[in-house]
**Student:** 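Okay, here's the structure, questions in a sec.
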Amino acid sequence: MLYAQLESRVQTCLDELVKSGKAVGLQAAVVHRGELVAEAWSGIADTRTERPVDRDILFPVFSMTKGVAATLVHLVAGAGRLNYDAPLADYWPEFGCRGKEKITMRMVLSHTAGVPQLPEAESHEEFADFERMAAAVAALEPLWKPGTECHYHAVTFSWLAFKPLKNITGCSFNELVRRYLGKDCYCGMTLREAETLPIAWLEPNPSPPVLSDTVPLTENDRIARLAIPPQVCPLEQWMNNTTIRTACIPASTGIMNARFIAGMYGDLVHGKLIAADQLTYAVSPVHQPLVPPGKRGNFGLGYALDATPGGPIGRVFGHGGYGGSNAKADLVGDFAVAVLKNRMDSCDVFTPVWHLVREALA
């Protein structure tokens, strides 16, 4: 009865968000104590065809993919095949040059590695070439001394986190996902999959922010523009492109449904994927001694951390993505929530659902 009432309330919430015009298409899932207990969906998945959202529609979710990549890192580390504090060059020899010799996976996962700048590529096909882009990242010079500042590695996280795993395991991203996490998640589809699977069409922000040419850029702004340069913007057009949907860029080209990502976080907090002590370690704030307080980010090892009223930071962790899709888990409540959307705007559709679930399950 509890779960039926919760599912009904989540469904009503999604329907109201769509009806009010705050969203076009939405999909949500809730996992409690390791079991899928609620799913809901509402609205239109593809405005070109008026195809409605259903439980199986896949959504491009941008940086939510980082949470999946981080989980794969933890699984490989938990098996004893990767050391968070070993030089990345131990697993990726070509990377150990130009001041990057001491960069570790801990720095990558906490966004302190110093190489957020996206290498140039002249075409979608060049972006989709994983090994080409990995080689370009390996040739970069850090923008700051690794481990001394935190700036979001929006896209280069892809190769920094996954190239070592690929070298260690010999597996593609999707092979590791199938082995450890299940189905309904892709990062680097085949062309047939990109053309035939049910994928939501991303809608642009109807009121995009206007960037001023007269206001001086802050350091964060300057680095952010290097991390996501104009050549890949607007991101929704980039991700609607079939070639990019076939690209394995594990910081941003993940395509999945809500039950997959809620299931992954639900399995993490329920102890199905990694040991409890390793998870506690992964969701503790990464305060590297060389990073001064003002330069620190709110990250664990690959996950964004939330401070919740009455609870320590790290109780709630997960990762959102450009446009507002989001997924989080609560360690104490042993539940996870995912809400995916296809209009790339700043409307927060996740928080109303999260509050409903916390009220019912926390």
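Values below: all heavy atoms of this structure, side chains included; hydrogens, waters and symmetry mates excluded.
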**Student:** Could you check whether T47 and E203, counting side-chain N and O atoms only, form a donor-acceptor pair closer than 3.5 Å?
**Tutor:** yes
**Student:** Taking side-chain contact (heavy atoms from CB on, under 4.5 Å) as the definition, give me every residue that meets it alongside T280, ordered by chain and number, with sequence neighbours left out.
**Tutor:**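 With neighbours one apart ignored, the set is S284.
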**Student:** Tell me which donor-acceptor pairs under 3.5 Å the side chains of residues 36-45 have, and how far apart each pair is, sequence neighbours excluded?
**Tutor:**
| from | atom 1 | to | atom 2 | distance (Å) |
| --- | --- | --- | --- | --- |
| E39 | OE1 | R55 | NE | 3.3 |
| E39 | OE1 | R55 | NH2 | 2.6 |
| S42 | OG | D15 | OD1 | 2.7 |

**Student:** Could you go through T65 and T253, starting from their C-alpha distance and side-chain angles, then the distance that decides it, and tell me whether this counts as side chain to side chain contact (heavy atoms under 4.5 Å, CB included)?
**Tutor:** CA-CA 7 Å; T65 322; T253 60; 6.0 Å; no
**Student:** Any chance you could lay out the side chain to side chain contact (heavy atoms under 4.5 Å, CB included) test for V61 and I261, step after step, and finish with the verdict?
**Tutor:** CA-CA 10 Å; V61 296; I261 192 66; over 6 Å; no
**Student:** Measure across L72 and L181 and return the closest heavy-atom pair with its distance rounded to 0.1 Å.
**Tutor:**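 In terms of heavy atoms, the two residues are closest at CD2-CD1, 3.9 Å.
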**Student:** Could you walk me through whether Y322 and S252 pass the side chain to side chain donor-acceptor pair (under 3.5 Å) check?
**Tutor:** CA-CA 9 Å; Y322 168 74; S252 58; over 6 Å; no
**Student:** Counting only heavy atoms not in K19, do more than 12 fall under 6.0 Å of its NZ?
**Tutor:**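 Atom NZ in K19 is not crowded, with 12 or fewer foreign heavy atoms closer than 6.0 Å.
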**Student:** Just wondering, more than 12 heavy atoms not from E50 lying within 6.0 Å of its CD?
**Tutor:**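 Above 12, so yes.
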**Student:** What's the shortest heavy-atom distance between A161 and V108, and which atoms?
**Tutor:**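 It is N-CG1, 3.9 Å.
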**Student:** Measure across L140 and P119 and return the closest heavy-atom pair with its distance rounded to 0.1 Å.
**Tutor:**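 Heavy atoms of L140 and P119 come nearest at CD1-CG, 4.1 Å.
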**Student:** Can we call the ring centroids of Y303 and H74 under 6.0 Å apart?
**Tutor:** yes
**Student:** Regarding D334 and H32, do their side chains bring together a donor and an acceptor under 3.5 Å, going by distance alone?
**Tutor:**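 There is no such pair (donor and acceptor under 3.5 Å, judged by atom type) between the side chains of D334 and H32.
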**Student:** Quick one: do the E149 and H151 side chains pair a donor with an acceptor below 3.5 Å?
**Tutor:**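 Distance-only check passes for E149 and H151.
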**Student:** Quick one: side-chain hydrogen bond (donor to acceptor under 3.5 Å, both in side chains) partners of Q278, sequence neighbours excluded?
**Tutor:**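 So Q278 forms a side-chain hydrogen bond (donor to acceptor under 3.5 Å, both in side chains) with Y84.
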**Student:** Check the angle between the aromatic planes of H153 and W144 and answer parallel, tilted or perpendicular using the 30° and 60° thresholds.
**Tutor:**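 H153 vs W144 ring planes: perpendicular.
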**Student:** Does E195 come within less than 4.0 Å of R245, counting only side-chain N to carboxylate O?
**Tutor:**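 Judged by the 4.0 Å cut-off on N to carboxylate O distance, E195 and R245 do not form a salt bridge.
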**Student:** Could you name each residue pair satisfying ring pair (Phe, Tyr, Trp, His ring centres under 6.0 Å) that touches residues 168-196, not counting sequence neighbours?
**Tutor:**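 Every pair satisfying ring pair (Phe, Tyr, Trp, His ring centres under 6.0 Å) with a residue in residues 168-196: F162-F173.
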**Student:** In terms of the angle between their ring planes, are H111 and F299 parallel, tilted or perpendicular, with boundaries placed at 30° and 60°?
**Tutor:** tilted
**Student:** Could you go through I255 and L197, starting from their C-alpha distance and side-chain angles, then the distance that decides it, and tell me whether this counts as side chain to side chain contact (heavy atoms under 4.5 Å, CB included)?
**Tutor:** CA-CA 10 Å; I255 300 175; L197 289 175; over 6 Å; no
**Student:** Does a side chain donor of either S63 or K66 reach within less than 3.5 Å of an acceptor in the other side chain?
**Tutor:** yes
**Student:** Does any pair with a residue in residues 162-171 pass salt bridge (Lys or Arg N to Asp or Glu O under 4.0 Å), and if so which ones, sequence neighbours excluded?
**Tutor:** E131-K163, E131-K166
**Student:** Applying ring-ring contact (aromatic ring centres under 6.0 Å, His included), can you list everything that pairs with F59, at least two apart in sequence or on another chain?
**Tutor:**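 Expected list: none.
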